[in-house]
Structures are given as C-alpha cells and as structure tokens.
Protein chains: 2
Amino acid sequence: MQKLLRMTHQREVILDEIKKSTTHPTADELYERIKKKLPRISLATVYRNLEIMSESGLINKLEISGRQKRFDWDLEQHDHIYCVQCHRVDNIDLADKKDVTLPPEQNRGYMVSGCRVEFYGICPKCSNASIKKKKGERKKMACKSKCGSKELSEKQREVLEALAKCKDACGSKDIAAATSLEPKQVSCQITALKKKGLVESPVRCKYTITGDGKNALS
Amino acid sequence: MQKLLRMTHQREVILDEIKKSTTHPTADELYERIKKKLPRISLATVYRNLEIMSESGLINKLEISGRQKRFDWDLEQHDHIYCVQCHRVDNIDLADKKDVTLPPEQNRGYMVSGCRVEFYGICPKCSNASIKKKKGERKKMACKSKCGSKELSEKQREVLEALAKCKDACGSKDIAAATSLEPKQVSCQITALKKKGLVESPVRCKYTITGDGKNALS
DNA sequence: AAGTAGTTGATAATTATTACTGTGTCAAGC
DNA sequence: GCTTGACACAGTAATAATTATCAACTACTT
C-alpha cells in the first residue's frame, strides 16, 4: 500500500521552494519560481508532485477560500488569515481556538474530523495600494485581479476611439454616427467598456472616456 | 453608483429556488432545478444573477472549501460543516464562537473584517454509503467524485479485455502478445488502470482484472 | 410611443487543474 | 551486464467551473 517516493531533482527543487516561502504559494506561483532553476520543468510535474507530496505527508494542502489551491510546508495544524483583495494567505496563531468545539448535539450526524478558522480582511499591502490610488497615483495593481483588463474587441476599440475624440460627454447616437456601428450595437459595447472602467457616465445616457480608457487606446 | 435591479421572471425563479433549499446549492445544482420551470433559461443567466444578487445583498455567496461556489439565502453570519467526501455543506450554530477573536498583535497588519469557522468531516449519508460498500454491496456513488471513473481509452479497453481472458495473473509481456500493443505501451496502460482500480497486482509484475474492471467492460 | 439602460440565451473564452502518452531513468534480479 | 518493471518526466489534450461577449429583447422613464 505504501508507495515509495523517489527523490528526484525536480521534487527536491519543488520541496525546497515551498520550504523557502513565507507565504502559502499556489501551484503556478511555484511553477514560475521553479522555472528559473529548471527551465524545462513542466507545469504538470509541479501539480503532480504537489499532489503526491501532500498525499504522502511531506507538505500540506490547504483548504482555503479562493479558487486556487495553496500549499504549505508547515505540517502542524494552524489557522490562516486571508486577503479578500489579493488572495494572499498568512498564518495566525490562535490560542483561543481550543474553545471552538462543536457540541455533539450540533453535529448533524457528521463524523467531525477537524475545524478550520479563517479570518479575512485586507492585507497591509493592499490597503496601502488603495490609499495611493485615491491620491491619484496611477499604479499597476499589485495583485492579480480576478478579471484583468482584457483586449479590446474591434467594435469596442472603435467606440472608444470615437469617444476619445469628443470633448464633452456624448450619447450613444452621436457615437453611432461617428462610427460604422448601429446605435443598438453601440449600447452593447458601452456596457462592456463601462464594466472595464474605460468609460463612465457623468449623466444618464451620456458617456465620456476615462483615463484608463485613454491608456487602453495607446 | 447604486445599480437598479430589475426583478425579472428569471430572477424571481432563481431567488425562489434558493430560498426553498435547505442546503447550500451550487450554481449548477440550481440550474438543474430551475430548468424544470424555465426550460429555456441559460446557465450563464443563473451564474450572472447569482453574482449580481450576492453583490446587491439579496443572497449570500459562501467562501467555503471545495471547487464550486455555493449560495445561501440566509444573510446572517453563520458557520458551516463540510463533508470532505461529497462536499455537501450544512449550517451549524456556534455559540462559543464569540471567543474566537484575533488578538491585535496577531493580525499582521490586516484590517480584519470577519472570521469563518468551518468544521469538516464525513456526513451521515456518506458514512452510510461506505458501510454498505464494505458489505460488498456495489452501489453507484451517491456523491459526485472529484475524478469520476472516466471512459476507457481504446488501448486501455484492449488491455483490460486481454486481462479478462486470462484465468491467472499474467505479466505485461503476455498482454502485449495478446494485443496489438508494444510491451512498453502496455505498462503505461496498466498504470492507468491500476489507478482506476480496474486492475490489481497480486504479485510483483503480475496483474489481474478486478471486479470493478469486469464491470467497466460490460 | 420612443429611446435607452439593463437583461437574456447562446456560445466562446478563460482559468485552474487533471489525464494521457510516449519516452526516460533507476534498482533489483537473473 | 542485460532485462524487467515501477516510477517519473515533459508536453499536450482534456475537463470542470466560471466568466465574457454579443446581438436580440424587454421593461422603465420621459
């Protein structure tokens, strides 16, 4: 039953990289770092070995908020604090935790095997970043955004360029006239552009290009 | 800033379906149920509206272990218990929780906005199921498995069929001879089949088909 | 009644992860 | 020293869950 683990060079490097990290890296964060040492390693190898090593108890796979799995060299049971903005995860040491137990009449028939406590909030890096942003300091987001600024579609670019030429806010009909698009289609594109933050609406049904929008064009 | 929400029929039905559920459904569970009432609804609409409604505070999006997001009509802050086998999530009422606070010197500079407590274990349904399984009662898994028994590939089926014809355990060379495959390829396929539990190795380098393996062929 | 913001269904795209495949490497046994 | 079989690897395809895009539609507001 016990599977024997061969300590290959790749595994050594992966394990080493986890042990070095103070945070709890995701598979692709690790992959990026490992690639510098082993440029030919495959992402699949990283995933495979993280899975294997956590199964055999060399490392810990965290069950934590967020989409990506995270790994930890610290095998002791401990708890975490999670940044809702950049999704980083830090350790916490919770002395009070011994009090958190589930009264037997509350367990709903579950065979309880453990308990996780997870605080959440905004990490210092992110709160600094948002202060800077308010000051008008334009800065590339330090953290991966869930839905990054995507490429503009053909039509979106057309609408945005037309808006860039207007001095004042203008309605979608004006834009339709300035482009080859139907008024109806313009409204669709504006919705998308607003969502991306490239366009805003100072008054109902009038639109202007934002600073971000101008940057997106150049 | 405040976006106005139009109460469409689709939204009403989605909301209604969440309110009716005692558990914490995932988007696609909801979609399956809603399709019965609105057969033409799109999965995207369900996802879109769950997101919108949770943003505007009509429902709650749970941050919980597991790959899929889950939604809850109960806006009160409460905690959960999670089945590591079938991933169902139940509510718990944790009176002791007030004790769990993060000492300020522990917060690592985070602006803490809340705390989740999550117990985990095996739910009653799953522990019953595994007892039945031990008795030899073959039964379709009640719960979605993370990596369900996949279709057999062409080569895997070939290997498995060859194995089914052997009375005793046989080596990969025997199998290679019985099929059109190279010995090297056979070993790859056997590894995959073993992982699926369709083949086992009573002695080193000898293989037999398992009960599951026979079922997989029929 | 007209115009427009918001909404929908269908589908494409994306993200994170896992599976497959052919080849390579290692250790044990002949 | 050669063979055998187990384990690993890189590269790539496939999958699952979610999100984005877009043209058509709908319900408010004026």
Side-chain angles (χ1 to χ4, degrees), chain A residues 3-11 26-29 31 38-52 66-70 144 146-148 150-156 171-173 176 181-196 201 204-207, chain B residues 3-11 26-29 31 38-52 66-70 144 146-148 150-156 171-173 181-196 201 203-207:
Chain A
K3 214 160 78 178
L4 67 134
L5 265 198
R6 208 177 271 172
M7 190 42 74
T8 61
H9 186 45
Q10 283 91 334
R11 262 175 209 168
T26 60
D28 70 288
E29 278 165 19
Y31 174 60
L38 302 175
R40 294 188 47 76
I41 201 172
S42 149
L43 175 59
T45 302
V46 176
Y47 270 105
R48 193 179 338 106
N49 284 313
L50 288 171
E51 191 59 36
I52 290 172
R67 250 168 102 136
Q68 290 175 82
K69 289 180 184 163
R70 290 177 176 274
K144 245 191 256 175
K146 192 178 63 176
C147 159
K150 286 283 161 319
E151 301 298 305
L152 291 172
S153 72
E154 206 43 55
K155 287 179 189 170
Q156 284 171 9
S172 57
K173 217 193 277 180
L181 301 167
E182 300 290 314
K184 255 184 185 175
Q185 296 181 357
V186 171
S187 127
C188 283
Q189 305 314 320
I190 291 206
T191 312
L193 290 166
K194 265 202 299 183
K195 208 181 272 172
K196 291 181 185 175
S201 172
R204 210 166 177 282
C205 310
K206 297 279 175 184
Y207 308 98
Chain B
K3 216 163 90 183
L4 67 135
L5 265 197
R6 211 177 268 174
M7 190 43 75
T8 62
H9 186 44
Q10 284 91 333
R11 266 177 206 165
T26 60
D28 70 288
E29 277 165 20
Y31 174 61
L38 301 175
R40 295 188 45 76
I41 202 172
S42 148
L43 176 59
T45 302
V46 175
Y47 270 105
R48 193 171 341 106
N49 285 313
L50 288 172
E51 192 60 45
I52 290 172
R67 252 168 100 137
Q68 290 175 84
K69 290 180 183 161
R70 289 175 177 275
K144 244 191 255 175
K146 192 179 62 175
C147 159
K150 286 280 160 321
E151 302 298 305
L152 291 172
S153 72
E154 205 43 54
K155 287 178 188 169
Q156 283 172 9
S172 57
K173 216 192 278 182
L181 301 168
E182 300 291 312
K184 251 186 189 174
Q185 296 182 357
V186 171
S187 129
C188 281
Q189 305 313 320
I190 292 205
T191 312
L193 290 166
K194 264 201 302 183
K195 208 181 274 174
K196 291 182 186 175
S201 173
V203 287
R204 208 166 178 284
C205 311
K206 296 280 177 184
Y207 307 97

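Chain naming here is simple, since letters A, B, ... match the order of the sequence lines and numbering starts at 1 in each.
Of the candidate nucleotides C/dG24, D/dT19, C/dT8, D/dT19 has the atom lying nearest to any side-chain atom of A/Arg67. When each of D/dA10, C/dA5, C/dG24 is scored by its nearest atom to the side-chain atoms of A/Gln10, the top-ranked nucleotide is D/dA10.
Summarising the geometry, the separation between CG on A/Asp28 and P on C/dT18 is reported as 13 Å, rounded to the nearest angstrom. Atom-to-atom, CG of A/Leu50 to P of D/dC9 comes out at 12 Å; the value is rounded to the nearest Å. Atom CD of B/Glu29 and atom C1' of D/dT18 are 15 Å apart (whole Å). Whole-Å rounding puts the A/Leu38 CG to D/dG11 P distance at 12 Å. Atom CD1 of B/Ile52 is separated from atom C1' of D/dT18 by 14 Å (rounded to the nearest Å). Between the NZ atom of B/Lys69 and the P atom of C/dT15 there is a distance of 14 Å, rounded to whole Å. One atom, CD of B/Glu51, and another, P of C/dT7, lie 14 Å apart when rounded to the nearest Å. Atom CD of A/Gln68 is separated from atom P of D/dT18 by 15 Å (rounded to the nearest Å).
Within 3.5 Å, no donor on the side chain of B/Arg11 pairs with an acceptor on the base of C/dT7, nor the reverse.
Summary of the strand contacts: B/Met7 and A/Ala27 both lie near DNA chain C, and taking for each the nucleotide with the nearest heavy atom, the more 5' one is attributed to B/Met7. Of the residues near DNA chain D, B/Arg48 and B/Thr8, the one whose nearest nucleotide (by heavy atom distance) lies more toward the 5' end is B/Arg48.
Once rounded to the nearest 0.5 Å, the distance linking CG of A/Asn49 with OG1 of A/Thr8 reads 6.0 Å.
End-to-end axis angle of the helix from C/dA1-D/dT30 to C/dC30-D/dG1, from C1' rotation axes over five pairs per end: 10° (rounded to 10 degrees).
Within residues 39-47 of chain A, the residues approaching DNA chain C are A/Leu43, A/Ala44, A/Tyr47, by heavy-atom distance under 4.0 Å.
When all heavy atoms of B/Arg11 and B/Ile52 are compared, the pair lying nearest together is NH2-CD1, 3.9 Å.
Take B/Tyr31 and apply the side chain to side chain contact (heavy atoms under 4.5 Å, CB included) test, not counting sequence neighbours, and it matches B/Lys35, B/Ile41, B/Leu43, B/Val46.
B/Lys69 has its side chain out of reach of B/Leu50: every pair of non-hydrogen atoms, C-beta onward, lies at least 4.5 Å apart.
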